[in-house]
Amino acid sequence: MSLLAHRASQLGTETAFTVLQRAGELTAEGRDIINLGIGQPDFPTPPHIVEAGIKALRDGHHGYTPSGGILPLKEAVAVSIHHHTKAKIPTHRIQILPGGKVVIFFAAMLCGEDGGEIIYPDPGFPIYKSAVNFSGATPAPYPLREANDFAFSADDVLSRITPKTRLIIVNSPANPTGGVTPRVEFEKLVAGLRGHPNIMVMSDEIYDRLTFDGQETTSLLEFEEIHDRLIILNGWSKTYAMTGWRLGYAVWPEHMVEAADRLAVNIHSCVNAAAQQAAMAALNGPQDCVADMRLAFQRRAALLEAGLNALPGFTCRKPAGAFYAFPNITGTGMTSHDLQTALLEDAGVALISGTSFGDEGEGYLRFSCANSDEAIEQALSRISTWLGDNVK
Ligand code: PLP
């Protein structure tokens with residue numbers, strides 16, 4: 001008999017961390033590894049934000065804060081939400097959390113249970129499926145199709161609804177595909193949900209500031225008619241290069257606020273006090289750092305798209321947002337996992353197999369733009385040489 005509860009075996013993981021670890025081991029052995037597997041901005045947190053964090057520590061922000069976050073930070077989030085979506089969200093529905101990721105787990109725990117079903121994207125962020133399984137609910141994946149530029153199709157989502165459906169998860173701009181779903185699909189989704197008033201929706205908008213070439217993002221907050229069953233996941237990790245600060249926020253519908261607060265009190269009490277001050281500086285300070293990072297990702301995404309399309313056996317759609325390219329590698333005749341392993345071990349380039357993001361990811365690799373132009377060019381050249389030597 002296992003010493004662990006059954007539910008412990010239900011947890012999945014993020015292969016990105018495993019690849020990162022192997023890349024680290026190879027580097028420690030003296031190998032020169034280029035890391036395009038990484039899912040975090042390669043930029044440091046902008047200095048004015050770092051200074052605000054340091055000042056907060058010096059000023060004595062050392063204690064617990066209210067579990068859902070300090071009021072001025074929640075006010076800053078509300079202002080930012082209004083600026084970007086026109087939605088007016090009262091601060092008590094905003095919860096500051098230690099990372100956007102936490103919202104996924106909270107949503108799954110609060111909506112999912114044995115006998116229920118949760119609908120989520122495949123390929124998608126692997127924590128969706130993991131959290132759904134842990135909650136006891138049955139995972140119900142919907143495909144993101146290359147032919148659709150990896151936007152979700154509202155019809156695909158809606159067709160997976162059954163009487164057991166509790167929650168639908170959407171993500172745009174998306175990890176791992178770089179796909180951005182056009183507004184018309186969001187409109188269709190909202191219209192289709194009119195017939196299903198008891199189904200909750202979680203919109204993962206963590207990459208909402210990162211789109212390329214003027215591509216517009218749509219927030220489900222723009223659709224007031226579903227505010228009473230909408231959960232928003234967002235945060236600072238990607239927009240302000242703050243992954244290690246562990247900061248994120250949720251917007252909860254009124255009826256979930258108390259339960260979400262209880263979960264926070266039970267699990268982490270509150271978010272690091274100084275980090276919350278830094279988060280305030282990020283939202284209230286100059287935003288040109290966001291634009292600069294976005295432009296760098298856009299330039300690198302274009303570099304990757306061109307370079308990947310020139311590789312034998314690869315084809316790559318234009319990434320529209322987030323900071324990933326998701327080329328189709330079926331022309332190489334290799335599986336995604338075998339190609340990921342060979343390129344890391346033999347060519348010294350760390351990438352993530354599409355299957356790390358679900359079964360629909362077979363035939364694809366995820367390339368991150370979170371490395372320098374030079375590193376991207378060198379990685380492409382190494383892959384080209386390796387393919388030339390090994391794939392006929
Ligand atoms: N949602 C998606 C789609 C992500 O890619 C990530 C991070 O990679 C997160 C959520 C979690 O972000 P955080 O680092 O703020 O927990």
Side-chain angles (χ1 to χ4, degrees), residues 12-20 35-43 45 49 69 73 77 94-108 118 120-132 141 144 150-152 167-181 201-211 217 219-220 231-251 264 267-268 271-272 275-276 278-279 282-283 290 293 297 319-326 352 354 356-358 361 366-370:
T13 188
E14 264 193 83
T15 320
F17 284 103
T18 320
V19 173
L20 222 67
N35 198 336
L36 299 187
I38 203 150
Q40 64 179 340
D42 53 318
F43 303 105
T45 304
I49 302 175
L73 177 56
V77 170
I94 295 167
Q95 183 184 34
I96 309 301
L97 288 160
K101 194 181 243 179
V102 179
V103 186
I104 303 169
F105 218 78
F106 275 29
I118 298 182
Y120 66 97
D122 178 358
F125 190 45
I127 301 308
Y128 301 147
K129 183 179 178 187
S130 172
V132 171
L144 296 179
F150 297 112
F152 70 72
L167 173 70
I168 292 172
I169 299 176
V170 295
N171 171 221
S172 170
N175 177 11
T177 62
V180 175
T181 300
V201 186
M202 188 190 89
S203 186
D204 180 344
E205 303 182 356
I206 195 93
Y207 294 100
D208 66 346
R209 302 271 71 79
L210 293 173
T211 56
T217 46
S219 169
L220 270 178
I231 303 164
I232 294 289
L233 179 166
N234 211 325
W236 290 260
S237 297
K238 317 289 178 177
T239 312
Y240 297 100
M242 295 181 75
T243 50
W245 294 73
R246 305 315 298 137
L247 280 163
Y249 70 82
V251 177
I267 295 173
H268 60 267
V271 171
N272 177 298
Q276 292 189 59
L283 289 178
V290 179
M293 288 190 270
F297 290 136
F323 38 68
Y324 308 108
F326 202 61
I352 314 283
S356 299
F357 305 95
R366 190 189 79 173
F367 283 67
S368 165
C369 306

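Just follow the structure's listing: the first ligand is 1, and inside any ligand the first atom is 1. Everything quoted here is computed from the prediction, not taken from an experiment.
- Of the options V170, L220, L233, a side chain to side chain contact (heavy atoms under 4.5 Å, CB included) to E205 is made by L220 and by none of the others.
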Using a 3.5 Å cut-off on N/O to N/O, what pairs does ligand 1 make with the protein? A line per pair would be great.
unit_1   : atom_1 : unit_2 : atom_2 : d
ligand 1 : 1 (N)  : D204   : OD1    : 3.4
ligand 1 : 1 (N)  : D204   : OD2    : 2.6
ligand 1 : 5 (O)  : N175   : ND2    : 2.8
ligand 1 : 5 (O)  : Y207   : OH     : 2.8
ligand 1 : 8 (O)  : K238   : NZ     : 2.6
ligand 1 : 14 (O) : S237   : OG     : 3.1
ligand 1 : 14 (O) : R246   : NH1    : 3.0
ligand 1 : 15 (O) : G100   : N      : 2.8
ligand 1 : 15 (O) : S237   : OG     : 2.7
ligand 1 : 16 (O) : G100   : N      : 3.1
ligand 1 : 16 (O) : K101   : N      : 2.9
ligand 1 : 16 (O) : R246   : NH2    : 2.8

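- A distance of 9.0 Å separates CD1 in I38 from CZ in F17, rounded to the nearest 0.5 Å.
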* F125 vs Y120, ring-ring contact (aromatic ring centres under 6.0 Å, His included): CA-CA, chis, key distance, verdict -> CA-CA 9 Å; F125 190 45; Y120 66 97; over 10 Å; no
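- Closest non-hydrogen pair, A282 versus I49, comes out as CB-CD1, 3.5 Å.
- Each salt bridge (Lys or Arg N to Asp or Glu O under 4.0 Å) pair with one or both residues in residues 95-106, not counting sequence neighbours, appears once here: E14-K101.
- Between F326 and F357, the angle of the ring planes goes over 60°, which puts this pair in the perpendicular group of the 30/60° scheme.
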